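Throughout, a chain's letter reflects where its sequence line sits, starting with A, and its residues are numbered from 1. Keep in mind it's a predicted model, so treat the numbers as computed, not measured.
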Number of protein chains: 2
Amino acid sequence: MNQPSLCTAPLLDISALRSSCSSCSMHQLCLPMGLEEADMQRLDRIIGRRRVRRDDTLYRIGDKFSSLYAVRVGQFKTYQANPDGAQQITGFQMSGELLGMDAISTDTHQCDAVALEDSEVCEIPFSRLEELFSDIPTLLRHFHRIMSKEITREQSVILLLGNMRAEQRFAAFLVNLSARYAARGYSPTNFQLRMTREDIGNYLGLTIESISRMLSKLKKDGMLKVSNRDIELVDLAALKIVATGAEVCN
Amino acid sequence: MNQPSLCTAPLLDISALRSSCSSCSMHQLCLPMGLEEADMQRLDRIIGRRRVRRDDTLYRIGDKFSSLYAVRVGQFKTYQANPDGAQQITGFQMSGELLGMDAISTDTHQCDAVALEDSEVCEIPFSRLEELFSDIPTLLRHFHRIMSKEITREQSVILLLGNMRAEQRFAAFLVNLSARYAARGYSPTNFQLRMTREDIGNYLGLTIESISRMLSKLKKDGMLKVSNRDIELVDLAALKIVATGAEVCN
DNA sequence: CGAATGTTTGAAGGTGATCAAATGGGGTGG
DNA sequence: CCACCCCATTTGATCACCTTCAAACATTCG
């Protein structure tokens, strides 16, 4: 599946699978950020593209690590399972974001990655990426930035889970999504949730019922409109205030 | 302070500050892991040693990033502060563990690092470390493992905060400490907590009162003995079961 | 149309937080 | 060495937030 086949694909555009880093709209956010054209092409040559259908697994806990993945189109969730079977979503990944960095230390994937919708990823064989590092210092430096950013991101999740109340967690979640959509050129106020309420609840350390109640409350307070998975953040500024933990007198 | 001065130090052994990676008992756990003697000496040459007194700050949020730090002696805590002032401890670092990796992405420290006791760190100027990467592939590979491990560690904190009950969180915390002391050649069952109950509570997303109650409960259940900060894990196996979330009928 | 899945809403209950007070240790100065 | 104070910790009582349980409702898909 790494090489695009010649037969027509029913749902996805074949030309997208052929396209390179240079032509990818995400290259400013993604691994090739800041590379010169020639270096970008070298990187391009080691990368394979791959489709992942909704609900399909990109990799599982325990799988041998061989590649990192960059989301090209679509969204993913990654989750850990603890010994007693309960699972915890540790992140939602959007286009331009890298998956699999937690596998480097043990050579084994430490979480499951599942597509939230029909998606495409760029598969980056890690050993070949390592070969490039010695030749392209910019690439190495940016790779370190990306891993560091992942550490920072997880720290904010820890902050969220460790000392925010339910409403604050949910507002922070929405504000975060908003910013990430905006960074990709989409509306910061109108978007679709790609994950179920259950996924959101799991991620935020809350139950599905609590998520539903938070949605209803924020709707009642006039901060957002919601219809199924379509969200409109009517008052993003107010949401940001809630997300910072300001007390509201009701 | 990077160079040991010639005057006698009142509390700490000067010879310790002179010592190199090769003579450091932590070099199997730390950055130089797996390096040949010659490479270890090259790494050694860029590293400065530094003392940090209890409650002193190694770096603060917003500080310009220039060095990573390896804990040589002692322990640290790192915490984030959210906009409204509440803080959240994201980790406790022991000897051989690396601090500051979250600063690489923005060139600015993203958390505060404070010594829990009189400590020593190895200061590793990052730009000079980067120069070594191109010459010592083993070093680069190990650095990636360390960053990846930090990502994995934070994921388990997310799991802990996201779906464990108070008792389970606290048991998991003790079991984790136990394993890390054991890895350093100390007793896995008898050790001293270097942090306050308040720090533990903050880290685990619980109040100080809850931590105190958990201690009392586990003591009553015969799993541990506690006297101030001295802990004896009387029944480590049972603690591990609690940490995995098994339901106990009381 | 019916079944399955996902979502909303309500009522009751539990876990851990909050508030309050007592206890204990460690450090300082006499 | 002791008295004192300060701070950390423990313990108890009450409360609030969120969970759990339950049922109705909506949506999707065969």
Side-chain angles (χ1 to χ4, degrees), chain A residues 11 53-55 77 86 88-89 114 116-118 160-173 192-221 224-231 242 245 247-250, chain B residues 11 53-55 77 86 88-89 114 116-118 160-173 192-221 224-231 242 245 247-250:
Chain A
L11 285 175
R53 300 232 174 256
R54 179 178 173 173
D55 292 331
K77 63 176 171 183
Q88 172 68 40
I89 294 176
V114 170
L116 294 174
E117 57 188 316
D118 288 349
L160 180 144
L161 293 173
N163 66 32
M164 291 187 189
R165 322 234 115 257
E167 188 180 10
Q168 192 181 353
R169 289 185 201 187
F170 187 61
F173 169 72
Q192 213 184 31
L193 300 172
R194 305 299 170 143
M195 64 293 287
T196 65
R197 306 276 195 273
E198 187 163 20
D199 284 339
I200 300 174
N202 184 300
Y203 176 63
L204 297 178
L206 301 168
T207 60
I208 185 175
E209 293 95 330
S210 293
I211 299 303
S212 187
R213 280 183 243 274
M214 289 304 117
L215 268 173
S216 302
K217 179 172 188 310
L218 294 179
K219 187 161 64 173
K220 183 172 66 66
D221 293 350
L224 55 77
K225 291 177 183 168
V226 56
S227 165
N228 305 321
R229 294 197 182 178
D230 294 313
I231 287 264
V242 174
E247 293 302 315
V248 185
C249 309
N250 286 324
Chain B
L11 285 175
R53 300 232 175 256
R54 178 178 174 173
D55 293 330
K77 63 176 172 182
Q88 171 69 39
I89 295 176
V114 170
L116 294 174
E117 58 187 315
D118 288 349
L160 180 142
L161 293 173
N163 66 34
M164 291 187 188
R165 319 235 116 260
E167 188 179 11
Q168 192 182 355
R169 290 185 201 187
F170 187 62
F173 169 73
Q192 214 184 29
L193 298 173
R194 306 300 170 140
M195 64 294 288
T196 65
R197 306 277 195 272
E198 188 164 18
D199 283 339
I200 300 174
N202 184 299
Y203 176 62
L204 298 178
L206 302 168
T207 59
I208 185 175
E209 293 95 331
S210 293
I211 298 302
S212 186
R213 279 182 242 274
M214 290 303 116
L215 268 173
S216 302
K217 179 174 189 308
L218 293 179
K219 186 162 66 175
K220 183 171 67 64
D221 294 351
L224 55 78
K225 291 177 183 166
V226 57
S227 165
N228 304 323
R229 294 198 182 178
D230 294 313
I231 286 264
V242 175
E247 292 302 314
V248 186
C249 308
N250 286 325

*Looking only at heavy atoms, what is the nearest atom pair of Arg197(A) and Asn228(A), with distance?*
NH2-O, 2.8 Å
*Euclidean distance, Lys217(B) NZ relative to Arg213(B) CZ, rounded to 0.5 Å*: 13.5 Å
*What pair of heavy atoms forms the shortest contact from Asn202(A) to Ile89(A), and how long is it?*
OD1-N, 2.7 Å
*Counting distance only, does the side-chain N/O of Ser212(B) pair as donor-acceptor with the main-chain N or O of Ile208(B) below 3.5 Å?*
no
*Dump the intermediate steps for side-chain contact (heavy atoms from CB on, under 4.5 Å) on Phe170(A) and Val242(A), then the final yes or no.*
CA-CA 9 Å; Phe170(A) 187 61; Val242(A) 174; over 6 Å; no
*Does the side chain of Glu167(B) reach to within under 4.5 Å of the side chain of Leu218(B), using non-hydrogen atoms?*
yes
*Does a side-chain heavy-atom distance below 4.5 Å link Leu215(B) with Ile231(B)?*
yes
*Who are the side-chain contact (heavy atoms from CB on, under 4.5 Å) partners of Met164(A), not counting sequence neighbours?*
Leu160(A), Gln168(A), Arg169(A), Ala172(A)
*asked:* Closest-nucleotide mapping onto DNA chain D: is Met195(B) or Ala166(A) further toward the 5' terminus? I mean the 5' end.
replied: Met195(B)
_Axial bend angle, the helix from dC1(C)-dG30(D) to dG30(C)-dC1(D): five-pair end segments, nearest 10°_ = 40°
*asked:* Please enumerate all residues that pass side-chain contact (heavy atoms from CB on, under 4.5 Å) together with Arg194(A), with sequence neighbours excluded.
replied: Gln75(A), Leu116(A), Glu117(A), Tyr181(A), Gln192(A)
*Non-hydrogen atoms of Phe173(A) and Leu193(A) that approach each other most closely*: CE2-CD2, 4.5 Å
*Rounded to the nearest 0.5 Å, how far does CG of Leu204(B) lie from CG of Asp199(B)?*
10.5 Å
*Check every nucleotide of DNA chain D for an atom under 4.0 Å from a heavy-atom of chain A, then give the first and the last such nucleotide from 5' to 3'.*
dC17(D) to dT27(D)
_Within residues 201-213 of chain B, residues whose heavy atoms come under 4.0 Å of DNA chain D_ = Glu209(B), Ser212(B), Arg213(B)
_Leading and trailing nucleotides of DNA chain C with any atom under 4.0 Å from heavy atoms of chain A_ = dT7(C) to dA11(C)
_For the NZ atom of Lys77(B) and the OG1 atom of Thr196(B), what is their distance to the nearest 0.5 Å?_
6.0 Å
